[in-house]
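What follows is a short report on a single structure.
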Amino acid sequence: MEKHNKSQAVDSLFKPFSLGNLKLSNRIVMAPMTRSFSPGGVPGPDVAAYYKRRAENGVGLIVTEGTLINHPAATGDPNVPNFHGEEALEGWAKVAAAVHEAGGRIVPQLWHVGMTRANGSQPNPEALSIGPSGLNLNGDKVNEPMTQSEIDSIVKAFAQAAADAKRIGFDGIELHGAHGYLIDQFFWERTNQRSDDYGGNMIARTRFAVEIIKACRLAIGPDFPIILRMSQWKSSQYDAKLAATPESLAQFLAPLVEAGVDIFHCSTRRFWEPEFEGSSLNFAGWVKKLTGKPTITVGSIGLDAEFLGAFKGNSAGVADINELLVRLDHEEFDLVAIGRALLVDPAWADKVRDGRWDELVPFNTEVLKKLY
Ligand SMILES: Cc1cc2nc3c(=O)[nH]c(=O)nc-3n(C[C@H](O)[C@H](O)[C@H](O)COP(=O)(O)O)c2cc1C
């Protein structure tokens with residue numbers, strides 16, 4: 001793979017991006033990261049300051065932590081923020097305003113955890129966990145399959161959250177369709193054993209997401225971007241795959257594109273890993289190639305200073321920023337999401353832009369305990 005010198009390479013991360021009304025000053029996206037710092041489901045001033053700090057320091061687009069649609073079993077964690085109810089939405093409106101004041105853009109990641117929640121969890125222990133077939137990620141039966149009226153009410157709740165996102169000043173929405181949570185439980189054969197219109201083959205397994213995307217589109221109109229986050233891997237099931245070949249991935253994506261997804265956020269744990277044999281394209285690369293839609297890549301980018309150092313190549317199990325930027329220059333994907341590196345270092349983007357490599361802070365798990 002060709003090499004870039006750093007200044008050339010870094011330039012391509014800082015080119016503007018626009019899609020309809022969404023105009024970003026650069027290609028850097030803050031990946032959604034659950035923080036559990038919103039007691040009672042209400043994001044407070046500390047949450048607003050946390051996101052604003054990243055926008056002030058050069059992040060183009062923030063995807064918030066997963067935030068809950070209106071359903072009693074949407075989470076098992078009472079400190080995850082709601083995206084419903086007057087108080088929580090007032091909190092979120094202040095978050096969006098703070099990020100805008102700093103020149104950034106922000107979308108909420110709308111979330112329902114489905115069967116990854118244990119029955120009896122707080123904050124609503126009386127609510128039973130729900131999923132397409134009542135199966136957990138191991139495929140064990142825990143509850144009954146979702147009824148049609150449960151499906152309909154969840155679709156409505158996503159659409160209401162999308163409408164609220166627009167009303168209170170966000171720049172788009174992201175649907176959390178990744179990592180084995182509710183929408184992904186419909187995508188994945190192991191957790192979706194339904195024999196009605198929502199299961200039975202790969203296309204039918206997209207139906208729940210398709211209904212959500214269409215209902216959101218109806219609620220927010222044509223110009224408000226919908227990002228869909230998806231992954232082959234599931235939490236605790238890293239080898240899982242929705243699609244084993246490019247052909248089946250194309251089949252899977254077609255109904256989602258048709259329903260109205262604007263940007264696909266392709267979650268992988270390491271951006272440099274080829275998705276299928278015979279091509280170096282990663283997951284975001286394949287999804288862009290197959291759909292023609294813009295994509296976001298993610299996975300172990302900039303986790304430590306070593307990443308920004310000399311070229312190491314794939315064989316050592318690490319890849320440096322040159323490889324990321326060569327791929328970006330080749331338009332394999334459009335945007336680049338950064339998770340843990342931005343969690344530990346709010347100024348990551350500005351430091352990379354200015355070549356202040358020595359100032360980058362390596363990731364450590366201590367930072368998970370505070371909201372800075
Ligand atoms: C503390 C933490 C919380 C996370 N929470 C979410 C989440 O709410 N929604 C989501 O889609 N991904 C979540 N992720 C995954 C990240 O968005 C990202 O895909 C992952 O960390 C890989 O990127 P990185 O290597 O740059 O950290 C989380 C990751 C971390 C470290």
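We count ligands from 1, going down the list as the structure has it; atoms in each ligand are counted the same way.
Interface of Ala31 with ligand 1, defined as ligand atoms under 4.0 Å from a residue heavy atom, comprises 17 (O). The contact set between ligand 1 and Val298, taken as ligand atoms under 4.0 Å from a residue heavy atom, comprises 19 (O), 23 (O). With ligand atoms numbered from 1 in the order given, ligand 1 contributes 24 (P), 25 (O), 26 (O), 27 (O), 31 (C) to contacts under 4.0 Å with heavy atoms of Arg340. Interface of Gln109 with ligand 1, defined as ligand atoms under 4.0 Å from a residue heavy atom, comprises 7 (C), 8 (O), 9 (N), 10 (C), 11 (O).
Taking 4.5 Å as the limit, some side-chain heavy atom of Tyr51 sits within range of a side-chain heavy atom of Met30.
Regarding atom 26 (O) of ligand 1, its nearest protein heavy-atom neighbour is Gly339 N, 2.8 Å. Summary of contacts: the protein heavy atom closest to atom 1 (C) of ligand 1 is Leu368 CD2, 3.6 Å. Counting only heavy atoms of the protein, atom 5 (N) of ligand 1 lies nearest to Thr34 N, 2.8 Å.
Distances shorter than 4.0 angstrom do not occur between any heavy atom of Ala341 and any atom of ligand 1. Contact analysis puts Gly299 in contact with ligand 1, with a non-hydrogen atom separation below 4.0 angstrom.
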Note to self: Please evaluate residues Ser129 and Asn143 with respect to the criterion side chain to side chain donor-acceptor pair (under 3.5 Å), reporting the C-alpha separation (whole Å), side-chain torsions for both, the decisive distance (0.1 Å), and the verdict.
What the structure shows: CA-CA 7 Å; Ser129 301; Asn143 292 333; 4.6 Å; no

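For atom 28 (C) of ligand 1, the protein comes within 4.0 Å by at least one heavy atom.
Side-chain N/O atoms of Ser267 and His179 include a donor and acceptor closer than 3.5 Å.
Looking at Arg269 against ligand 1, nothing comes within 4.0 Å, counting heavy atoms. For Arg229, every heavy-atom contact with ligand 1 shorter than 4.0 Å involves the side chain, none the backbone.
A centroid separation of 6.0 Å or more is found between the aromatic rings of Phe83 and Phe158.
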